[in-house]
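The structure appears right after this line, and notes come after that.
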Amino acid sequence: MGDERFYITTPIYYVNDVPHLGHAYTTIAADAISRFHRMRSVDVFFLTGTDEHGQKVAQAAAARELSEQAHCDELHENFRALWERLDISNDAFIRTTDPEHKEQVKAALRKLWDGGWIYEQDYEGWYSVSEEMFVTDDTEIERLKAAGKVEFVKESNYFFKMSAFQDRLVGAIESGELVIQPDSRRNEVLGFLRQPLGDLSISRPKSRLGWGVELPFATDHVCYVWVDALLNYCTALRYLNDGTPADDLYGPFWPADYHLIGKDILTTHSVYWTTILMALELPLPRRIFAHGWWTFEGQKMSKSMGNVVDPNRLIDEFGADALRYFALRQMPFGQDGDFAAAGLVERINSDLANDLGNLASRVLNLVARDGGTFTPGEPTAATQPVIDGFNAAAADFERDFAALGFATALRRLWEALAATNKLIQDTEPWRLCKERDEDPAAGALYDEVMRTSGSILQSLAALLFPVMPGQMSVLWESLGGEGSLADYRYAGDRRFLSVSSAGGVEKGEALFPRIDAKSVPSFTERAEQQSE
RNA sequence: GGCGGUGUAGCUCAGUCGGCAGAGCGGGCGGCUCAUAUCCGCCGAGUCGGGGGUUCAAGUCCCUCCACCGCCA
């Protein structure tokens, strides 16, 4: 491992939720960037997990006649299992019911209390159980009253003096100490902070909600679920990562390089979390990146619409690699995009089957039937421009990928791919192959073109491994790459890898078979229910 | 209502400092035959949302209107 460190987090997902495309999206992105840095010898810590406290969990458990813990023990496996199927390489999976997490939350709350950042005050108002928060908007209250979704509550509450940090937070964002991306989200937060910032209720009386972390200074209250949840980013480092000094609250990876979040939890992260960190006298995360939402066939995905996409079904149909590629390639990270089965099939067929898969197929086939080795040699003017083009594309790819510009980065790499297909088309190695007995120059060019194409494919396999770890490993092996691609580490900034046939070249199965759009089933919950 | 954003080809979008409107996909035509009906080449009469202004020159800068989106209220 190198000296450089990189810490990235996903949100911890609410354990009651059935994992859907949105969860998968954030986690795929975090995994891709984690793998990207690991291959460059950066010491990466990639954290995900589940948020297991709160009233909704307690209610769901009660409805199933299970203890809360048993309920969570069972449900959190949905996430673990999905991440395994998606080849997610998280270094840790935190659960907020982990005893070590709860201890650390208590320690943090104690520190806030001792620091004078928490005060008690009576509070009364309309409380929404489903949102786990007080509702202040009058029209919203009326609406929810009619729906029976709010109750009037008067209780003692503990408040965090969030308002004290407003100016400092604005300063941190404006100075770049805290980067919020994309810019539109940064503007949103700054806009929000133009209004006076209130204090944050951080407690719920146990009489109403017992399922949470007890306040160490008021044992008849539990901690507001968001405060408990946000602290996971620090508490995980303390006890899930070996080598963390026991006497500090966060560990060697803090501050996080990226908190990846959905745009719905922008305020909790960029305002609540950051001000809590200020009160705890901890450094702020370096960057918070709020990505966009997927719509499904043009419509917002929601349980009530019955059009929530289960990633497991997508993996069944297309495989984890294709799904990962699609998620990162289809829309710019940070913007909204549409998920449509037709678009997915189009993307897979065009980019993966036709461009990449077929290039691999034609190169592997030519080489495999001709002895199964690449002939070493130096490039000439025939291939040097293509190699230069690849190197330029690779450099752009790395720059954009590191900045989470996955779609742009991938598009750029596909330009190099097209140039390689063109090189083969233009030089016609299948013809050179026949002519080489009479014409040594044809033989030399044949060797050079195959070597260059193979090298670019192998280089692409390495560059694309963070996105498609499964099939790129297969491609690597097919080309005779040494060792496992998962263990490959770049040396220096060289990205064009001279292919060697150490492992022997094999044609193998098609990397990404073309998909017949007519054979693709529906992927929504509704379709599933109908078929049951 | 306040703040911000978006509007460019059938679709998704790129267009830097103002300088002859671009890419990918889909579609059409042609070529190749190593390859996964793949690959390569060619094919664009787009009011750059409408209107006005600045300028030798505006997709780009300014004003205004319309539509949609986000955050706040």
Side-chain angles (χ1 to χ4, degrees), chain A residues 135-140 180 182-198 262-268 270-271 290-295 297-298 300 322 326 329-340 342-370 386 396 400 405 407-415 417-436 446 449-450 453-454 457 471 475 478 505 507-518:
Chain A
V135 183
T136 52
D137 184 278
D138 287 341
T139 50
E140 185 72 0
I180 298 172
D183 282 347
S184 52
R185 300 296 166 199
R186 176 179 183 269
N187 288 342
E188 253 178 53
V189 174
L190 285 172
F192 178 80
L193 289 170
R194 259 180 247 133
Q195 313 293 324
L197 191 59
K263 61 186 184 179
D264 53 323
I265 50 177
L266 181 63
T267 303
T268 41
S270 45
V271 180
H291 63 69
W293 286 124
W294 289 95
T295 53
E297 318 245 312
K300 192 172 175 180
F326 178 79
R329 172 64 183 80
Q330 187 68 4
M331 68 185 189
F333 201 61
Q335 290 181 29
D336 290 346
D338 187 52
F339 177 93
L344 178 56
V345 170
E346 186 179 294
R347 193 101 250 163
I348 291 171
N349 282 344
S350 168
D351 293 4
L352 298 182
N354 294 356
D355 292 343
L356 176 57
N358 184 58
L359 175 64
S361 176
R362 64 200 305 208
V363 170
L364 289 169
N365 188 61
L366 281 166
V367 174
R369 71 180 193 177
D370 186 41
V386 177
D396 289 346
D400 291 342
T408 313
L410 289 168
R411 196 179 305 133
R412 186 72 177 91
L413 224 44
W414 253 252
E415 289 175 20
L417 224 159
T420 311
N421 265 320
K422 183 166 162 53
L423 172 70
I424 293 174
Q425 185 65 38
D426 290 348
T427 55
E428 302 186 310
W430 54 91
R431 182 172 299 170
L432 296 171
C433 189
K434 290 174 192 157
E435 293 169 357
R436 65 182 161 181
Y446 172 82
V449 168
M450 297 319 297
S453 304
L457 273 173
Q471 289 305 77
L475 176 58
S478 298
V505 175
K507 173 89 194 291
E509 300 288 312
L511 281 178
F512 300 100
R514 276 186 68 86
I515 295 158
D516 180 1
K518 291 192 288 290

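The sequence lines fix the lettering, A, B, ..., with proteins before strands; numbering per chain opens at 1. In this text, all values refer to a predicted model and were calculated from it rather than measured experimentally.
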Exercise. Let me have RNA chain B in dot-bracket notation, would you? Count Watson-Crick plus G-U wobble pairs, both distances under 3.5 Å, and use [ ] for pairs crossing earlier ones and | for inter-strand partners.
Key: (((((((..((((.....[..)))).(((((.......))))).....(((((..]....)))))))))))).
Between [M] and [N] - [atom1] atom distance, rounded Å:
N	M	atom1	answer
U8(B)	G1(B)	P	26 Å
G22(B)	A45(B)	P	11 Å
C48(B)	C40(B)	C1'	32 Å
U47(B)	G59(B)	P	13 Å
G46(B)	U12(B)	C1'	15 Å
C29(B)	G49(B)	P	33 Å
U6(B)	C13(B)	P	13 Å
U38(B)	G28(B)	P	12 Å

Quiz item: When all nucleic acid strands are considered with a 4.0 Å heavy-atom cut-off, which category describes D355(A): base, sugar-phosphate, or nothing?
Solution: sugar-phosphate
[X] [atom1] - [N] [atom2] separation (whole Å):
X	N	atom1	atom2	value
E415(A)	A23(B)	CD	P	12 Å
N349(A)	C39(B)	CG	P	10 Å
L410(A)	C25(B)	CG	C1'	16 Å
R194(A)	G2(B)	CZ	C1'	10 Å
L197(A)	C72(B)	CG	P	13 Å
D351(A)	A23(B)	CG	C1'	13 Å
R514(A)	C39(B)	CZ	C1'	12 Å
W293(A)	C71(B)	CH2	C1'	15 Å

Value rounded to 0.5 Å, distance of [atom1] in [X] from [atom2] in [Y]:
X	Y	atom1	atom2	result
L344(A)	I348(A)	CG	CD1	4.0 Å
L364(A)	L511(A)	CG	CG	7.5 Å
L366(A)	C433(A)	CG	SG	7.5 Å
L457(A)	M450(A)	CG	CE	9.0 Å
Q471(A)	L356(A)	CD	CG	9.5 Å
E188(A)	L193(A)	CD	CG	11.5 Å

Quiz prompt | Pairs touching residues 351-361 of chain A that satisfy side chain to side chain donor-acceptor pair (under 3.5 Å), sequence neighbours left out | solution = Y325(A)-D351(A), R347(A)-D351(A), N354(A)-R514(A)
Self-check item: Heavy-atom side-chain contact between I424(A) and L359(A) under 4.5 Å
Solution: yes
Quiz prompt | Heavy-atom side-chain contact between E435(A) and Y446(A) under 4.5 Å | solution = no
Of the nucleotides [options], which one has an atom closest to the side chain of [X]?
X	options	value
N354(A)	C39(B), U36(B), C71(B)	C39(B)
L511(A)	U36(B), G70(B), C40(B)	U36(B)
A353(A)	C40(B), U36(B), C39(B)	U36(B)

Quiz item: So, does D336(A) use its side chain to make a donor-acceptor pair with the main chain of G292(A) at under 3.5 Å?
Solution: no
Practice problem: Give me the ring orientation class for F339(A) and F326(A): parallel if the planes are under 30° apart, tilted from 30 to 60°, perpendicular past 60°. | Solution: perpendicular
Quiz item: Which comes earlier along RNA chain B counting from the 5' end, the contact point of E188(A) or that of Q330(A), where each point is its nearest nucleotide?
Solution: Q330(A)
Practice problem: Using the closest heavy atom to pick a nucleotide of RNA chain B for each, name whichever of S184(A) or A418(A) lands nearer the 5' end. | Solution: S184(A)
Name the pairs: protein N/O against N/O of nucleotides 32-35 of chain B, kept only if under 3.5 Å.
residue: U33(B); atom: OP1; partner: R431(A); partner atom: NH2; Å: 3.3
residue: C34(B); atom: O3'; partner: N365(A); partner atom: ND2; Å: 3.0
residue: C34(B); atom: O2'; partner: N365(A); partner atom: ND2; Å: 3.0
residue: C34(B); atom: O2; partner: R362(A); partner atom: NE; Å: 3.2
residue: C34(B); atom: N3; partner: R362(A); partner atom: NE; Å: 3.3
residue: C34(B); atom: N3; partner: R362(A); partner atom: NH2; Å: 2.6
residue: C34(B); atom: N4; partner: R362(A); partner atom: NH2; Å: 3.0
residue: A35(B); atom: OP1; partner: N365(A); partner atom: ND2; Å: 3.4
residue: A35(B); atom: O3'; partner: S361(A); partner atom: OG; Å: 3.1
residue: A35(B); atom: O2'; partner: N358(A); partner atom: OD1; Å: 2.4
residue: A35(B); atom: O2'; partner: S361(A); partner atom: OG; Å: 2.9
residue: A35(B); atom: N3; partner: N358(A); partner atom: ND2; Å: 3.3
residue: A35(B); atom: N3; partner: R362(A); partner atom: NE; Å: 3.2

